[in-house]
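Worksheet: one structure, shown below.
Ligands are counted one by one from 1 in listed order, and the atoms in each one are counted from 1 as well. Residues take their numbers from the sequence shown, with the count starting at 1. Only a predicted model underlies this, so the values are computations on that prediction, with no experimental measurement involved.
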Amino acid sequence: MVHGVPDKSSLSQFRLKRALGVLASKEGRGTELISLYVTPGKQIYDVISQLRQEYTTASNIKSATTRKHVQDAITRTMQRLKLFKTPPDTGLVIFCGALPQNGPGSERIELYVIVPPDPIRIYTYRCDSKFLLDPIREMVKVKEVYGILVMDASGAIFALLKGGNLEIVREITSGVSGKHRAGGQSARRFERLREAELNSFFNRVGIYASEIFLQVPNLKGILVGGPGPTKYDFVDGDHMQYTLRGKVLSIVDTAYVEEQGVEEVVEKSPGTLLAVRYREEKQAVQKFLYELGHGTGLATYGEEEVRRSLKGGIAQMLLLSAELKKTRLYVKCQSCDHREERTVSTADLHDAEDEIKNTPCPKCNNKNMVIDETKDLVDDFADMAEQAGTDIEIITKETAEGEMLRDSFGGIAAILRFKQSQT
Ligand SMILES: [Zn+2]
C-alpha cells in the first residue's frame with residue numbers, strides 16, 4: 001500500500017467525461033470558439049507568439065462582433081498560458097470563446113483548461129463554432145486490452161481486443177496428423193507420433209502467446225476458445241508462461257477456429273469483460289461493507305461524517321458515487337464577515353439561490369447574502385481528499401455495489417486508516 005500518492009484515475013476519467021458533456025453543448029455565435037492543443041514538448045512562448053499572429057490575422061474579420069469575440073478569446077487564452085512555465089507532462093488543452101449566456105447578445109468569454117490523461121500528439125489551433133473535442137473523446141474510450149486465443153488440434157489464432165476493436169495478430173497451423181492413421185501404420189506408433197506432434201504444437205502456441213500477450217502492458221485477461229477438448233488440454237498442461245496462465249478469465253466452446261472463432265469468443269464473454277471492468281469498483285465497495293459489517297470502526301458514510309474524516313486526515317480511501325449530482329454552495333454575507341456552506345441538489349440550484357437572497361444573515365440580520373462559489377460535490381470532496389493524501393474511487397451505478405452506495409449510503413463513504421477516537 002503506497003500512501004501519499006492518491007489514486008486519481010477513476011476521478012480523472014469522471015471529470016473528463018463530465019467536461020466533455022459540458023463542452024459538447026457549447027456553441028458560438030459564429031466561428032469564434034478557440035480550441036488549443038499544446039503538445040508536451042512545446043515551448044509556451046512559441047505558442048504565445050503564434051497566438052499573437054492569430055490575433056493580428058483576426059483583425060481582418062469583417063463582422064465587428066465576431067472580430068471582438070475572437071480577439072478577446074485569444075487574449076484570455078494567452079493570459080492563461082502565461083501561468084504555465086512549461087506544458088504539463090501530457091500537454092495542455094485550452095478551450096476559450098464567447099458563449100451566449102441567455103440568448104444572442106449575452107455572450108461572455110468562458111475558458112476551460114484540461115490537462116489530458118494521455119499525451120497530446122499533434123499541436124492544434126482551431127477557431128470554429130464548436131469546440132474541437134475528438135482528440136479528448138479518444139482518451140475516454142475504454143482502453144482495456146484482452147488477449148484472445150482460439151485453438152483446436154488443427155491450428156491456433158491469436159487476437160487482441162482493444163476497447164471495442166478486434167485485431168487478429170497471428171494464425172498458425174498445428175502440423176498435427178489427422179485422427180486417422182495411414183494404412184500399414186501400427187495404432188500405437190500412430191498415437192505416440194500424434195501425441196508428440198500435439199505436444200510440440202502446444203509448446204509453439206505457448207511461445208506465441210508469450211510473444212504476443214506479454215508485451216501488452218496492463219493486459220486485463222485472456223479469453224480462450226475453440227471447438228472440442230484441445231483448448232483445455234493446452235491450458236491445463238504446462239505450455240503457457242505462468243503469469244499468462246493466471247490471466248485466463250474464461251474458456252468457451254466455439255464452432256470455429258479462425259477469425260469467426262475469435263468473434264464467437266467475444267460474443268460469448270460480455271459478462272466476463274464487464275466483470276473485469278467493474279471489479280475494482282465492486283472490490284472498493286465490498287471492502288467498505290466488510291469494515292461496516294464487522295464493526296471494525298474503519299468505515300464511515302454520509303456527507304458530514306466523511307467530510308470530518310477527510311479533514312481529520314484519517315480517511316484512507318474515499319468512495320464517491322458518480323451519481324451524486326449535488327453542489328456545494330459557499331455563501332457569504334456582503335454586509336458582514338459571515339460565511340456558511342451548504343449542499344443542495346444540483347437540480348435545485350436556482351431555487352437555492354433565490355432562497356439565499358431572501359434569507360437574513362444570521363449574524364447581522366441584513367438580507368444581503370450571496371453565493372460566493374459553487375462546486376460540484378464530487379470536486380469538493382476530491383479536493384479535500386487530495387489535500388489529505390486519500391485515495392479516491394468514483395463508483396458508477398453499473399454494479400449492485402454501486403447502486404447500494406448511491407441508495408443506502410448517500411453516495412459518500414470512506415474507509416479509515418485507523419479507528420476514530422470516541423469523544
Ligand atoms: Zn451579515
Side-chain angles (χ1 to χ4, degrees), residues 6 8 11 14-15 18-19 21-23 25-26 72 75-76 79-80 82-83 95-103 105-113 300-315 318-390 392 394 406 409-414 416 420-423:
K8 291 177 284 185
L11 176 67
F14 168 83
R15 281 180 170 161
R18 189 182 57 191
V22 171
L23 291 164
S25 70
K26 306 280 183 190
D72 285 354
T75 305
R76 279 286 296 280
Q79 285 168 351
R80 196 67 182 76
K82 282 176 187 162
L83 300 180
F95 298 106
C96 186
L99 288 156
Q101 306 296 309
N102 191 15
S106 66
E107 290 83 11
R108 210 167 60 199
I109 299 282
E110 292 180 25
L111 182 138
Y112 302 85
V113 179
T300 189
Y301 62 92
E303 188 181 344
E304 287 317 311
E305 291 294 324
V306 173
R307 191 183 291 278
R308 205 170 309 138
S309 76
L310 284 169
K311 288 194 168 158
I314 61 165
L318 170 65
L319 308 170
L320 289 176
S321 169
E323 305 291 313
L324 269 181
K325 297 188 172 110
K326 287 187 174 174
T327 301
R328 186 75 167 167
L329 303 180
Y330 292 80
V331 178
K332 69 174 182 187
C333 172
Q334 291 175 303
S335 303
C336 72
D337 62 355
H338 174 73
R339 283 179 172 271
E340 61 181 61
E341 297 172 22
R342 59 175 89 175
T343 299
V344 298
S345 160
T346 302
D348 301 335
L349 200 55
H350 284 288
D351 291 344
E353 212 166 335
D354 287 343
E355 195 218 310
I356 286 162
K357 265 185 220 156
N358 294 315
T359 308
C361 167
K363 195 172 172 188
C364 70
N365 219 25
N366 287 315
K367 275 190 189 172
N368 205 6
M369 296 214 293
V370 289
I371 296 173
D372 191 31
E373 192 190 345
T374 61
K375 222 173 184 184
D376 189 304
L377 199 61
V378 169
D379 291 320
D380 195 49
F381 270 83
D383 287 350
M384 284 187 284
E386 275 173 33
Q387 276 185 9
T390 303
I392 306 165
I394 304 289
R406 179 193 62 188
F409 300 102
I412 305 174
L416 307 179
Q420 257 167 313
S421 56
Q422 306 289 324
T423 46

Residues passing the salt bridge (charged side-chain N to carboxylate O under 4.0 Å, His left out) test with Arg328, sequence neighbours excluded, are Glu303, Glu341, Asp380
Under a plain distance cut-off of 3.5 Å, with no hydrogens placed, do Thr327 and Thr374 share a side-chain donor-acceptor pair?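 Judged by distance alone, the side chains do not pair up.
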Within a strict 2.8 Å cut-off of the Zn ion (ligand 1), protein N/O/S atoms tallied 4
I'd like to know whether the aromatic ring centres of Phe409 and Tyr301 sit less than 6.0 Å apart in this structure. yes
| request: Not counting sequence neighbours, which residues clear side chain to side chain donor-acceptor pair (under 3.5 Å) with Thr359? List them please. | output: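 Thr359: no side chain to side chain donor-acceptor pair (under 3.5 Å) contacts found.
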Quick note, side-chain hydrogen bond (donor to acceptor under 3.5 Å, both in side chains) partners involving residues 348-358, not counting sequence neighbours, are none
| query | Between Lys325 and Glu323, is there a salt bridge with N-O shorter than 4.0 Å? | reply | yes
